[in-house]
Amino acid sequence: MLGRLWQVQILDGERYTEAAVADHVRHIAIPAVRGRILDDRGRPLARNRAAMTVSVDRVALSRQPDHGRATLRRLAGLLDRPYSELAGRIRLCGPKVGKPCWAGSPYEPIPVAEGVAERDATQIAERPEDFPGVTAEPRPVRDHPRGDLAAHVLGYLAPDESSGGRPVGKDGLEAAYEADLRGRPGSRDVVVDSAGQVLRTRREQPATPGATLVTSIDARVQAVVEKALERAVRKARKADSGAAVVLDARTGRVAAMASYPAYDPDVWTGGIEPADYRRLISAERGSPLVSRAVQGQWPPASTWKVVSTAAAAGSGYDLEGRYDCPGSYRIGGRAFRNFEGADLGTMDLRRALIVSCDTIFYRFAHELWPREPMQRMARDFGFGVRTGVDLPGEAAGRVPDRAWKRRQWEQTKDRTCRDAREGYPGTARTDPARAAYLKAIAAENCAHGYLWSAGDAANFSIGQGDVLVTPLQLARAYAALANGGTLFSPRLGKEVRGPDGTLIRTITPPVAGRLPVPARTLAYVRRALAEVPKSGTAATAFSGFPLGKLPVAGKTGTAEAYGAEDTSWFASFAPADDPRYVVVAVISQGGSGGDAAAPAVREIWAGMYGLEGKKPALPEGSRS
């Protein structure tokens, strides 16, 4: 016994002491200060500010006779918060514990309220006997000094259980560059007694602040774009949403990206309220959380004709040839019409783009069918796949073809054939003619819906039917047209810099491909689009604009939508003779391209270059 006692206490004493202490050592993570997000001129878009934060020591509360319930009730009354909210925030997360709960260490202060008024914080500090285990101190929280500017680009932070309940990037650049922005957490090892009371700190490793993300976004250009987009949506009679993109055609960098309706990203600070979250995802309120620039998908309408022109030229049609533009073009038993049935006479492809003749492209599609050169060209322009932009949740759009048509038919044929048999009883009671039409269409689709018809090809040629694009996809396609054929994968991130300002890495937009289109064809299309604001479908929208100072090239698009107003598009680049930027705008239910989107783009160009009495947003200033 004496020998064993000597061995335990003397020979192995140090080992047993370390083991005993280890049983009572608790590891606490120390969060790092999140890095800033700046625009390309160094102006902050997202940063940190000190906010008075109230935290609760859960262990201290548990040692109180009523386990802290009275303390929490007094605190709830002081902060004017429900008791249940505070009690929920300090619950430890687990398999049977729903949110809210705390996923971090129970031995560190648990924040229960941020942005607390100074007078309330003072009361907590001056009355420790009423608030034992409660502290109030400044802590960094995410701040957006420009309000809701670029909200969809920046994204937001939200608590994450895998990170101990600490906020992490959940959308936008905050999510895409989370690894850079979050920094490296520190750690603290504390020794606790059997009751969980902290006795001393054994070891501490300080946190490393997050890196700074410098973006290609220009805050002034972004503001111009957002204001023009909002005005365009509000001005259009039935418009409900929209998006706009400004892209550097030479580099693939995004200078501005806007979506409407927008929201204030500070709504996420301290945890979003359920009512606010419901509002952000509410379709009735326009789903403000959706970034329509990268997630919104619409038929591109006549902006698509640059693709169809390149495909036609590549298939042997003469760019300088003369083609009839009748009021309608018949395919089988159906007449495919020009806009408002206009007969525009004979013209070359340059004029067809300027006045946006549909029937010439119907003819091309019909004659090329059942081959699919227009689909191949669309994919070469980057449609039907994600652009690879450094933002999460990007939509891929859609380039429909024969294979897609069959897959779609197989997925929907049961429902389609049921509609063909049973009809549409609800519609029949209010609109018998419409119900009969729908039943006939369902019968046709049930029997032959897997076939890629000449009519499908005709619709595809003018950007109608089942083709879908995002505003960013259209912008990068027009950038490739403008820059001579280089298709970029766009980037918003420009540089990552350390907390001390040293450059960690430069972010360069990758080249995703090259357009298989001769330089002569691209130049021909660019010259044609330069005439659209002068004498074509955008002439009214650009009437009086100083095209001599800033020649703008572009293409309108008016996409039909059953049961809703048309979708308005305008895709453009400038200066037309030496393109630098691309500006694309879409207004959902905005009407024709010349009525809503083109005026919005005009306002953006004027604001960027300081025209029409505006102060230039671009650092290079006004063109004289």
To the nearest 0.5 angstrom, please state how far the [atom1] atom of [X] sits from the [atom2] atom of [Y].
X      : Y      : atom1 : atom2 : answer
Phe381 : Leu515 : CZ    : CG    : 4.5 Å
Thr556 : Ile354 : OG1   : CD1   : 11.5 Å
Asp348 : Asp318 : CG    : CG    : 9.5 Å
Leu349 : Leu319 : CG    : CG    : 6.0 Å
Leu529 : Arg350 : CG    : CZ    : 11.0 Å
Ile462 : Asp358 : CD1   : CG    : 4.0 Å

Before accepting this row, confirm whether a basic side-chain N of the pair [X]/[Y] lies closer than 4.0 Å to the acidic partner's carboxylate O.
X      : Y      : value
Asp595 : Lys235 : no
Lys238 : Glu565 : yes
Arg402 : Asp456 : no
Asp248 : Arg580 : yes

Begin with the C-alpha distance, continue with both residues' side-chain angles, and end with the deciding distance and a verdict on side-chain contact (heavy atoms from CB on, under 4.5 Å) for Phe573 and Leu247.
CA-CA 9 Å; Phe573 53 85; Leu247 196 63; over 6 Å; no

Tell me whether [X] contacts the main-chain N or O of [Y] through its side chain, where contact means a donor paired with an acceptor under 3.5 Å.
X      : Y      : value
Gln222 : Leu149 : no
Thr558 : Ser592 : no
Asp380 : Pro516 : no
His152 : Val290 : yes

Can you spot which of Arg406, Arg379, Arg407, Arg376 makes a salt bridge (Lys or Arg N to Asp or Glu O under 4.0 Å) with Asp401?
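When Arg406, Arg379, Arg407, Arg376 are each tested with Asp401, the salt bridge (Lys or Arg N to Asp or Glu O under 4.0 Å) holds only for Arg379.
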
Kindly indicate, with the supporting measurements, whether the criterion side-chain contact (heavy atoms from CB on, under 4.5 Å) is fulfilled by Leu438 and Asp419.
CA-CA 9 Å; Leu438 292 175; Asp419 292 339; over 6 Å; no

Could you tell me which non-hydrogen atom of [X] sits nearest to which non-hydrogen atom of [Y], and how far apart they are?
X      : Y      : answer
Gln473 : Val469 : OE1-CA, 3.3 Å
Val225 : Ala258 : CG1-CB, 3.7 Å
Arg330 : Gly333 : NH1-O, 3.1 Å
Arg526 : Ala553 : O-CB, 4.3 Å
Phe570 : Ala597 : N-CB, 3.4 Å
Ala596 : Ala232 : O-CB, 4.1 Å

Do the side-chain N and O atoms of Ser302 and Ser356 include a donor-acceptor pair separated by under 3.5 angstrom?
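Yes, a side-chain donor-acceptor pair sits under 3.5 Å.
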
Give a yes-or-no answer on whether the side chains of Thr470 and Glu394 include a donor-acceptor pair shorter than 3.5 Å.
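There is no such pair (donor and acceptor under 3.5 Å, judged by atom type) between the side chains of Thr470 and Glu394.
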
Specify whether [X] and [Y] have parallel, tilted or perpendicular ring planes, treating 30° as the upper limit for parallel and 60° as the lower limit for perpendicular.
X      : Y      : result
His366 : Tyr329 : perpendicular
Phe383 : Trp304 : tilted
Tyr317 : Phe364 : tilted

Is any side-chain heavy atom of Asp171 less than 4.5 Å from a side-chain heavy atom of Pro392?
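In short, these two side chains touch, coming nearer than 4.5 Å.
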
After noting the C-alpha distance and the side-chain angles of Ser241 and Arg292, does the key distance pass the side chain to side chain donor-acceptor pair (under 3.5 Å) rule?
CA-CA 8 Å; Ser241 61; Arg292 288 173 168 82; 3.2 Å; yes

Thr346/Asp324 under side chain to side chain donor-acceptor pair (under 3.5 Å): CA gap, chis, key distance, verdict
CA-CA 4 Å; Thr346 302; Asp324 288 332; 2.8 Å; yes

